[in-house]
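Throughout, protein chains are lettered first and strands after them, A, B, ... in sequence-line order, and every chain is numbered starting at 1.
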Amino acid sequence: MSENKEKMITVYIMGKAYEVPFGLTIMKAMEYAGYRFIRGSGCRAGFCGACATVYRNKGEYKFQTALACQATAEDGMYLAQLPFVPANRKEYDIAMINPEKNVLSEYYPEINRCVSCNTCTKSCPQELDVMYYIQAAIRGDYGEVSKLSFDCIQCGLCAARCPAEITHYHVAQLARRIYGKYHLQIPEHLLKRIEDIDAGKFDNEIGKLKKMGMKELKEEYTSRTIEKIQRGEVTQ
Amino acid sequence: MKIPYFPGCTLKATAKSFEVSGIAVGKELGIEFVEMPRWNCCGTVYSLATDDLMHQLAPVRNLAVVESDMEENRVVSFCSMCYNTLRQANNLVINDPEKLKTINEFMDTEKDYRGGVEPLHLLQVLGEVGTKEMEKRVKKPLTGLKLVPYYGCTLVRPEDVSIDDPRDPSIMEEIMKAMGADIIDIEYKTECCGSYQTITNRDAVVERTRKIIESAREAGGDVIILSCPLCDFNLEDRQREVREKYHGFIEMPVLYFTQLMALAMGLEDKAGFEGNQIDPRPLLEERGLLEG
Amino acid sequence: MELKIGYDDKNLALMKEVEEISGQPVMLCYQCGKCSSSCPMADDMDYLPNQVMKFIQIGATEKILEGNTPWICAECFNCTVECPKGIDIAAVMEALRLSILRKNIDVLRIESIAEEEIEDLPPIALVAAMRKLTG
Ligand code: FES
């Protein structure tokens, strides 16, 4: 560990060489080199999808893709951050949708341009079967799209790499929304909880939280107990 | 007989009755269609450009899956366009190892395709069973029903992928004769329905639909039978527009040939007539082939 | 009909491009007209397939690209089967389409297809049209 700390590596950020300590994530390596993330960073924990990045390893021809907050910077990496993917996203009212029709093709007809090149799947840092969920979208199979895309964090790398200009992650999100609203059963315990909320059962506790200062809140958060919920059981 | 089955997008979407009836008919004849564990759209139209390998990835990827995941050497599709695209792409890569090599560089989740899969159409597989075997399964012969087989383009052209005589195919006729039906031949039997021009040149397609249906009507036909979901869309769904444009135009039911095979074999619950744009049931009831 | 013929750099380039993409010997066409007589979409074409072949041969490429022929073609392969010289005319049409589509021009504007229309269309129609008419 202490040896590693001393060890420095060279990375190339937008073409310029920087010495950074070994063992940092790409994001931290760039920050070490003096870059500040105003966009393209969020949770720093691999959940928000804000930090899509493209890089290339020394001696290789291939572009690689990753989440900058997750992938470790290696010696000789060529780095560049993607600030944003200007992807096509449709506005819709989920309540107005006819789930019997293929709404995915209707709102995102360009999915039919897929050539099955598999570039999206290769670029996905979540290792999803992106190509196969777009294929399922073409035939309007909401369940299959939802299943295959469930772990998508919407980083946009698939869309940035797609030769057919498809915005996979927005298609998948629409599919999951339709599937959730029209095809899945509404969980009873959720209905019960909503009822409780509407009846004001938690007003008191929320009120207390709202009045707390930052320090108190933090303490409350770290000392919280996590309830174990049995399947189908409603905890009070 | 067990055979790998490539469904294609449309059989899972707007042409479900084709899939359901085809699988039921196959089962009755001792054929089990084993759906591929994973598959993608075949591309539907074959790319004719010598330098456009990107559009060959889709069909070849499917063939690679049959070869590597299923370890089989044949695959059948019911849809004529899927058959055509898979077959033409297969011919391309078998005859051009250089191109196959380049395409294989994009097969990262499959093993390299070696060209060992023969794409077939459902009609060919049924042909292997033979009409004698089929006749034995007929419970309700389609007596007196005058069928007009429509092959369209992709089963018979280009010539090197034709499943039958490219100018005068008869495989569908033979099968339906075995079902007890009468066959009516029309000159448009292997002529194009207008295909995807249905989006960009709708009027031209509506006009073709009118010509084809009218010629079938004049020849005394009752029902058009076919095996392509795009032909079906153009010849069936577009009839509504023909009727709006031409007074006196009489609609004609358009069915997948497997729907009528299912009926003849006593599997009418698998025929899926309720899904047809132009309801064939009144006609079939009138002919005593369906209970009212 | 006003017809600009003769070879200049521009139409020579297109002729070469079409021959390369299609892999077809366009010059072999001797105008028998069987392609056009067998073409189911001929009624809707500005120029018949055999005229298009002639236009390529004589360098009247502007005429072809003004007309709708390659965009009306539905790739039914009648012309290809009928051609006594063995020219795959469907492939020539494909090459003409690609000479435009490869410039990042979409002939079918996807955004212009009405949503209600897409609801009814089978996937097979959408995939085919997008493969043949968008770049
Ligand atoms: S910053 Fe949220 S996923 Fe990387």
Side-chain angles (χ1 to χ4, degrees), chain B residues 8-15 41-52 55 58 79-82 84-85 88 152-154 156-159 161-162 166-167 188 190-205 207-208 211-212 228-234 237 277, chain C residues 17-24 38-45 68 71-83 86 88-99 101-102 107-110 112-114 117-134:
Chain B
C9 311
T10 308
L11 267 72
K12 294 286 183 190
T14 56
C41 170
C42 67
T44 78
V45 276
Y46 178 70
S47 170
L48 295 165
T50 54
D51 57 355
D52 176 16
H55 285 99
C79 165
S80 315
M81 282 177 96
C82 294
N84 188 286
T85 307
Q88 290 207 67
C153 316
T154 50
V156 290
R157 281 189 302 274
E159 277 161 308
V161 303
S162 182
R167 281 165 213 272
Y188 290 102
T190 60
E191 275 223 9
C192 184
C193 66
S195 187
Y196 57 85
Q197 296 289 346
T198 202
I199 298 179
T200 40
N201 290 298
R202 199 161 161 160
D203 291 343
V205 169
E207 213 34 55
R208 293 205 62 72
K211 278 189 199 155
I212 294 167
C228 171
L230 187 47
C231 295
D232 177 70
F233 178 80
N234 285 343
D237 297 45
Q277 265 315 306
Chain C
E17 191 182 357
V18 168
E19 287 200 321
E20 261 171 27
I21 297 177
S22 68
Q24 298 303 312
S38 70
C39 178
M41 304 302 276
D43 281 356
D44 295 281
M45 286 175 174
N68 64 7
W71 311 109
I72 294 275
C73 162
E75 205 178 287
C76 79
F77 297 107
N78 263 344
C79 49
T80 298
V81 171
E82 293 302 328
C83 179
D88 185 349
I89 296 159
V92 174
M93 293 298 163
E94 181 93 314
L96 286 167
R97 283 191 290 270
L98 288 173
S99 74
L101 299 176
R102 285 184 178 173
V107 168
L108 165 65
R109 250 184 71 79
I110 295 181
S112 71
I113 318 173
E117 202 187 328
I118 295 179
E119 276 195 350
D120 295 328
L121 286 167
I124 203 172
L126 288 162
V127 173
M130 286 184 202
R131 283 202 168 212
K132 294 297 175 190
L133 305 171
T134 69

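Contact annotation for B:C79: only side-chain heavy atoms (C-beta onward) come within less than 4.5 Å of a heavy atom of chain C. Contact of B:S47 with chain C is made through backbone and side chain together, with heavy-atom distances under 4.5 Å. Only the side chain of C:E117 has a heavy atom closer than 4.5 Å to any heavy atom of chain B. Neither the backbone nor the side chain of C:A95 comes within contact range of chain B; no heavy atoms are under 4.5 Å apart. For C:I118, no part lies under 4.5 angstrom from a heavy atom of chain B. With a threshold of 4.5 angstrom between heavy atoms, B:A204 approaches chain C through its backbone and through its side chain. C:C39 does not touch chain B: none of its heavy atoms, backbone or side chain, sits under 4.5 Å away. Neither the backbone nor the side chain of B:K12 comes within less than 4.5 Å of any heavy atom of chain C.
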Apply side chain to side chain contact (heavy atoms under 4.5 Å, CB included) to the pair C:L133 and B:Y196, showing each step before the final yes or no. CA-CA 10 Å; C:L133 305 171; B:Y196 57 85; 4.2 Å; yes

Hey, mind stepping through C:E82 and B:R157 against salt bridge (Lys or Arg N to Asp or Glu O under 4.0 Å) and telling me if it holds? CA-CA 11 Å; C:E82 293 302 328; B:R157 281 189 302 274; over 6 Å; no

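Checked by atom type and distance alone, the side chain of B:Q197 pairs as donor or acceptor with a backbone atom of C:W71 at under 3.5 Å. Panel note: side chain B:T50, backbone C:I21; a donor-acceptor pair is recorded below 3.5 Å. The main-chain N or O of C:P40 is found under 3.5 Å from a side-chain atom of B:R208 such that the two form a donor-acceptor pair. Using modelled atom types, one side-chain atom of B:T10 and one backbone atom of C:I124 make a donor-acceptor pair closer than 3.5 Å.
Interface check for chain B: of the options C:P122, C:A91, C:A129, the most heavy-atom pairs under 4.5 Å are formed by C:P122. Of the listed residues B:T198, B:L230, B:V156, B:T14, the one with more heavy-atom pairs under 4.5 angstrom with chain C than any other is B:L230. Heavy-atom pairs under 4.5 Å with chain B peak, among C:R97, C:K132, C:M93, at C:K132. Ranking B:A49, B:G8, B:C42 against chain C, the residue ahead of the rest is B:A49, based on heavy-atom pairs under 4.5 Å. Chain C forms the most heavy-atom pairs under 4.5 Å with one residue out of B:A13, B:C41, B:C153, and that residue is B:C153. Among the candidates C:S112, C:C73, C:S22, the residue making the largest number of heavy-atom pairs closer than 4.5 Å to chain B is C:C73.
One distance of note links CG of C:D44 with CG of B:N201; it measures 6.5 Å at 0.5 Å rounding. If you take CG on B:L48 and CG on C:D88, they are separated by 6.0 Å, rounding to the nearest 0.5 Å. For the atom pair CD1 (B:I199) and CG (C:L126), the distance works out to 4.5 Å, reported to the nearest 0.5 Å. Between B:Y46 atom OH and C:R131 atom CZ the span is 12.0 Å, to the nearest 0.5 Å. In this structure, C:M130 CE and B:T44 OG1 are separated by 10.5 Å, a value rounded to the nearest 0.5 Å. Interatomic distance, B:E191 CD to C:N78 CG, rounded to the nearest 0.5 Å: 6.0 Å.
Residues B:E207 and C:D43 fail the side-chain proximity criterion, which asks for heavy atoms closer than 4.5 Å.
Taking each heavy atom of B:G43 and C:V127 in turn, the nearest pair found is O-CG1, 3.7 Å. Closest heavy-atom contact between B:G194 and C:A74: O-CB, 3.7 Å.
B:D52 and C:R102 are not joined by a salt bridge, as no carboxylate oxygen comes within less than 4.0 angstrom of a charged side-chain nitrogen.
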